[in-house]
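One structure below.
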2 protein chains.
Amino acid sequence: MARAAGVSPATVSRALSGGPVSAELRKKVEKAVKAIGYRPNLSARRLRSQNTKTIGLVVADIRNPFFTAVSRVVEDMAYAQGMRVVLCNTDENPEREAFYLRSMQEERVTGLILAPTETTLHKLEKDPLLEVPVVMVDRYLASSRYDAVALDNVQAARVLVEHLIASGKKRIAGLFGNSSRTGQERYQGYAEAVTKAGLPVLGQFIRPYTSDAESALRQLWASEKPDAIIASNSLTAGGILRAVKALKLRIPEDLAVAAFDNEPWASLVEPGLTVIAQPVDDIGHAAMQLLSDRIQNPGLQPRTVMLGGELIVRGSSATG
Amino acid sequence: MARAAGVSPATVSRALSGGPVSAELRKKVEKAVKAIGYRPNLSARRLRSQNTKTIGLVVADIRNPFFTAVSRVVEDMAYAQGMRVVLCNTDENPEREAFYLRSMQEERVTGLILAPTETTLHKLEKDPLLEVPVVMVDRYLASSRYDAVALDNVQAARVLVEHLIASGKKRIAGLFGNSSRTGQERYQGYAEAVTKAGLPVLGQFIRPYTSDAESALRQLWASEKPDAIIASNSLTAGGILRAVKALKLRIPEDLAVAAFDNEPWASLVEPGLTVIAQPVDDIGHAAMQLLSDRIQNPGLQPRTVMLGGELIVRGSSATG
DNA sequence: TTGTACGCGTTATCAG
DNA sequence: CTGATAACGCGTACAA
C-alpha cells in the first residue's frame with residue numbers, strides 16, 4: 001500500500017487515522033486507497049495496538065428469545081462504539097463453555113458478556129481464570145467478583161405466584177430450568193410464596209426444552225392435579241400449552257398458566273398468557289454499560305444491577 | 001512465553017501445534033503454559049498465517065426467528081471447523097450493510113454469509129467489491145456470481161395461495177416485506193396463483209414490522225374486505241393476528257390466515273396457523289456447506305441451492 | 001510534515 | 001530435533 005501511494009508506510013497510517021499529514025500527500029493516499037481497494041488489516045492493527053475492540057457474547061442458545069433480544073442490544077451498542085461481537089452458543093454445556101472462554105481469551109477480547117451455567121459460575125468465582133472484563137448476564141452470584149445484570153428472579157417469581165394465589169388457586173405447580181441459577185432463584189421465589197400461603201410445593205426442575213416441559217406436565221396432571229402452573233421460561237411455557245391442548249384442558253378453568261418472558265405470541269394464544277415481562281432491552285443496555293465502565297476503569301468495585309419484571313395479567317390466570 | 005519455558009519461540013510454536021519436538025522440551029513448554037496461563041494470541045496468529053478462521057454473518061435482524069435459527073446452525077458448524085462467527089445486524093439498511101461489509105473485509109473474514117437488501121444485492125452483482133467467498137442466504141438473484149441458498153419462494157407462495165383457493169376463498173389478500181427480494185418473490189407467486197384462478201390481486205408491500213402489518217390489515221379490512229390473507233413472514237403474521245383480535249374477526253370464517261415460517265406458537269394460537277415451514281436447519285447447513293466448498297475451491301461455478309417449503313395446514317385456513 | 005526503524009506474537013524457512 | 005532469523009501489516013518514537 002505504501003509504495004502504491006508512493007509514500008512511506010507511516011504516512012499511510014497517519015493519513016488513515018487522521019494524523020498530521022499535508023493535504024497533498026493525503027490526496028495521494030486516498031487515491032491509492034481507492035485504486036487498489038485497500039482495507040486496513042484488523043489483525044495487524046489489533047496485534048500492534050493490543051486492543052481488539054471485540055466483545056465476546058457467550059450465551060446458552062441464541063434461539064432463546066431472551067438471549068436473542070439481549071444480543072441484539074449488545075450488538076447495536078458495540079458497533080456504535082466501533083466494536084465487533086463474536087457469538088458463542090454453549091447449550092448449557094460446561095465443556096463447551098470452557099472451550100469458548102478459552103477461545104475468547106485467545107481472541108484477547110476487550111470484554112466478555114456471559115450467561116454461564118451454574119457449574120461455570122462457581123468455577124469462575126473460585127479461580128478467576130478470566131482476566132478480561134466480564135459481565136454476567138441473567139445468572140450471577142451474590143457479592144461476586146464480577147459485574148452482573150439480571151432480573152430479580154426471586155421477587156418476580158413471588159409476584160407471579162401471589163397473583164395466582166389471589167386468583168384463588170390452591171395447587172400451584174412450577175417447572176424450572178435445571179441447569180442455570182435463574183431456574184433455582186425462580187424456584188426459590190415460587191416455593192417461598194406457596195409455603196407462606198400454606199399451599200403445597202409442586203415445583204420441579206427440568207431441562208429447558210419444550211418437549212421436556214410437555215411430558216412433565218402430563219405426568220404432573222396425572223399425579224398431582226395442579227390447578228395452576230408457572231413456567232420458568234418461554235420454551236417451557238410453550239411445552240405446557242402444547243400438553244394442555246393435547247389433554248384438552250381448559251385455561252384457566254382446569255389449569256391456570258403463567259410464565260416468564262413476554263413473547264409476542266403471549267397475547268395471541270387464547271385466552272392470553274399471563275407473564276412476567278423481562279426488560280430485555282434494559283438488561284442488554286445495562287450489560288454493555290457495566291462492561292464499558294469496567295473497561296475504562298478496571299479497578300471498580302463489582303456491581304450488580306438488579307432489574308424488576310413487570311407482571312402482565314392476561315386470561316390464562318383469570319380468576320377461576 | 002519462550003523465555004518462560006527456557007526455549008526458543010519456534011519450539012514453543014512447534015510444541016503447541018503438534019510439531020516435531022522432543023518429549024523433554026514438550027514437557028517444559030507445557031509446564032510453562034500452565035505456569036503463566038499462556039494463551040496463543042489469535043491476532044498474531046491470523047496476521048502471520050493470513051487465515052482468520054472467521055466467518056461473518058450479516059443479517060437483517062437476529063430477532064427474526066428465521067435468522068436466529070440460521071445463525072445457530074451456522075455457529076455450530078463454524079465452531080466444529082474451528083471457526084468463529086462475527087454477527088452483524090443491518091436492519092435492512094443499505095448504509096449499515098455497506099459499513100458491515102467494509103468491516104468484514106478489514107476483518108479478512110474467511111467467508112461471508114449474507115442476507116442483503118435488494119439494494120445491496122444488485123450493487124454487489126454489478127461491482128463485486130467483495131473478494132472473499134460469499135454465500136447469499138434467503139435473498140439472491142438468478143444466475144448470480146455468488147452462491148446462494150434460499151427457499152423457492154415463488155413456488156411456496158403459490159402453494160399457500162392454491163391451498164386457500166381450494167378452501168373456497170375468493171378475495172385473497174397478501175402482505176409482503178418491502179425491502180427484500182424475498183418479499184417480491186412471494187408476491188410474485190401469490191399474484192400468479194390468484195390471477196390464474198381469476199381472483200383479484202390484493203397484495204401490498206409493507207415494512208416487515210408487526211405494527212405495520214396491524215394497521216395494513218385494518219385498512220384492508222375497511223376497504224377490500226378480503227376473506228383470506230397471507231403474511232410474508234412471522235412478524236407480519238403476528239401483526240395480522242393482533243389486528244384480527246382487535247377487530248373481533250373470526251378465523252377462518254371471517255378471514256382465513258396463512259403465513260410463512262412455522263414458529264412454535266403457530267400451533268398454539270387458535271385455531272392453529274397454517275404456514276409454509278421453511279427448512280431453516282437445512283438452509284443454515286447448506287449455507288455453510290456452500291461456503292466451505294467455495295473456500296476450499298474458489299474457482300467453482302456459482303451454485304444456487306433452492307429448498308422447498310412444507311405446507312402445514314391448520315385451522316386458520318380450514319374450509320369455510 | 002515526513003521518513004526510518006522497530007516491535008506487537010506468531011509461524012515458516014533455513015542452518016546447525 | 002532445535003534455534004536464529006525473517007516476515008505478516010500496522011503504529012509510533014525518533015530523527016530528519
Side-chain angles (χ1 to χ4, degrees), chain A residues 1-54 56 82-84 86 102-110 131-132, chain B residues 1-54 56 82-84 86 102-110 131-132:
Chain A
M1 170 64 203
R3 71 171 183 281
V7 298
S8 79
T11 303
V12 175
S13 178
R14 285 190 276 258
L16 294 177
S17 55
V21 184
S22 71
E24 183 192 13
L25 286 194
R26 188 177 296 276
K27 289 286 175 212
K28 266 176 102 172
V29 170
E30 285 167 1
K31 193 164 294 179
V33 163
K34 285 191 183 174
I36 67 173
Y38 170 81
R39 297 281 161 241
N41 183 318
L42 283 184
S43 294
R45 195 171 267 188
R46 296 204 256 248
L47 175 59
R48 172 63 229 227
S49 69
Q50 301 291 69
N51 179 0
T52 60
K53 291 178 182 287
T54 298
M83 302 226 173
R84 289 131 201 95
V86 177
R102 190 163 44 245
S103 296
M104 294 303 102
Q105 299 267 104
E106 299 182 354
E107 200 83 50
R108 301 292 191 271
V109 290
T110 311
E131 54 234 358
V132 286
Chain B
M1 169 63 201
R3 69 171 185 281
V7 298
S8 78
T11 302
V12 173
S13 178
R14 283 189 279 257
L16 293 177
S17 56
V21 185
S22 71
E24 184 193 13
L25 286 194
R26 188 177 297 276
K27 289 285 175 214
K28 265 175 105 172
V29 170
E30 285 168 1
K31 193 164 294 181
V33 164
K34 286 192 181 172
I36 67 174
Y38 169 81
R39 297 279 161 242
N41 183 319
L42 283 184
S43 293
R45 195 170 268 189
R46 296 204 257 247
L47 173 60
R48 174 62 228 222
S49 69
Q50 302 290 71
N51 179 359
T52 61
K53 289 178 183 287
T54 298
M83 303 227 172
R84 289 132 202 91
V86 177
R102 190 161 45 243
S103 296
M104 293 304 101
Q105 299 266 103
E106 298 183 355
E107 198 84 50
R108 301 292 192 272
V109 289
T110 311
E131 54 234 358
V132 285

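Computed from heavy atoms alone, side chains included, the values below leave out hydrogens, waters and symmetry copies. Keep in mind that what you see is a predicted model, and the values were worked out from it rather than measured. Residue numbers start from 1 in every chain, and the chains themselves are labelled A, B, ... in the order their sequence lines are given, proteins ahead of strands.
- Taking the 5' to 3' direction, DNA chain C first and last meets chain A under 4.0 angstrom from a heavy atom at C:dT1 to C:dG9.
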For this session: Can you check each nucleotide of nucleotides 6-16 of chain D against protein heavy atoms at under 4.0 Å and return B for base, S for sugar-phosphate only, - for none, in 5' to 3' order?
Result: BBBBBBBB---

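- Residues satisfying the side-chain contact (heavy atoms from CB on, under 4.5 Å) test with B:Arg102, not counting sequence neighbours, are A:Arg39, B:Phe99, B:Glu106.
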Exercise. Please, what dot-bracket string fits DNA chain D when only Watson-Crick and G-U pairs with both distances under 3.5 Å count, crossing ones use [ ] and pairs to another strand use |?
Worked result: ||||||||||||||.|

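- In plain terms, the two heavy atoms of B:Gln105 and B:Val132 that are nearest each other are OE1-CG2, 4.1 Å.
- Remark: A:Thr110 pairs with A:Thr52 by the side-chain hydrogen bond (donor to acceptor under 3.5 Å, both in side chains) rule, at least two apart or across chains.
- For A:Ser43, the side-chain hydrogen bond (donor to acceptor under 3.5 Å, both in side chains) test picks out no residue, with sequence neighbours left out.
- One finds the CD atom of A:Gln50 at 6.5 Å from the CG atom of B:Asn41 (value rounded to the nearest 0.5 Å).
- Considering only heavy atoms from C-beta on, A:Arg45 stays 4.5 Å or farther from A:Asn51 through its side chain.
- Legend: residues meeting side-chain contact (heavy atoms from CB on, under 4.5 Å) with B:Lys27, ordered by chain and number and at least two apart, are B:Glu30.
- Taking CZ from A:Arg108 and CG from A:Leu47, the interatomic distance works out to 10.0 Å, rounded to the nearest 0.5 Å.
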Tell me which donor-acceptor pairs under 3.5 Å the side chains of residues 8-20 of chain B have, and how far apart each pair is, sequence neighbours excluded?
| from | atom 1 | to | atom 2 | distance (Å) |
| --- | --- | --- | --- | --- |
| B:Ser8 | OG | B:Ala10 | N | 3.4 |
| B:Ser8 | OG | B:Thr11 | N | 3.2 |
| B:Ser8 | OG | B:Thr11 | OG1 | 3.1 |
| B:Ser17 | OG | B:Ser13 | O | 2.7 |

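- The two atoms that bring A:Met1 and A:Ala32 nearest to each other are CE-CB, 3.8 Å, heavy atoms only.
- Scanning both residues, A:Ser103 and B:Leu42, for their nearest heavy atoms gives O-CD1, 4.3 Å.
- Distance check, rounded to the nearest 0.5 Å: OG1 of B:Thr54 to CE of B:Met104 gives 9.0 Å.
- If you check residues 19-34 of chain B against DNA chain D, the residues with a heavy atom closer than 4.0 Å are B:Pro20, B:Val21, B:Ser22, B:Leu25, listed by number.
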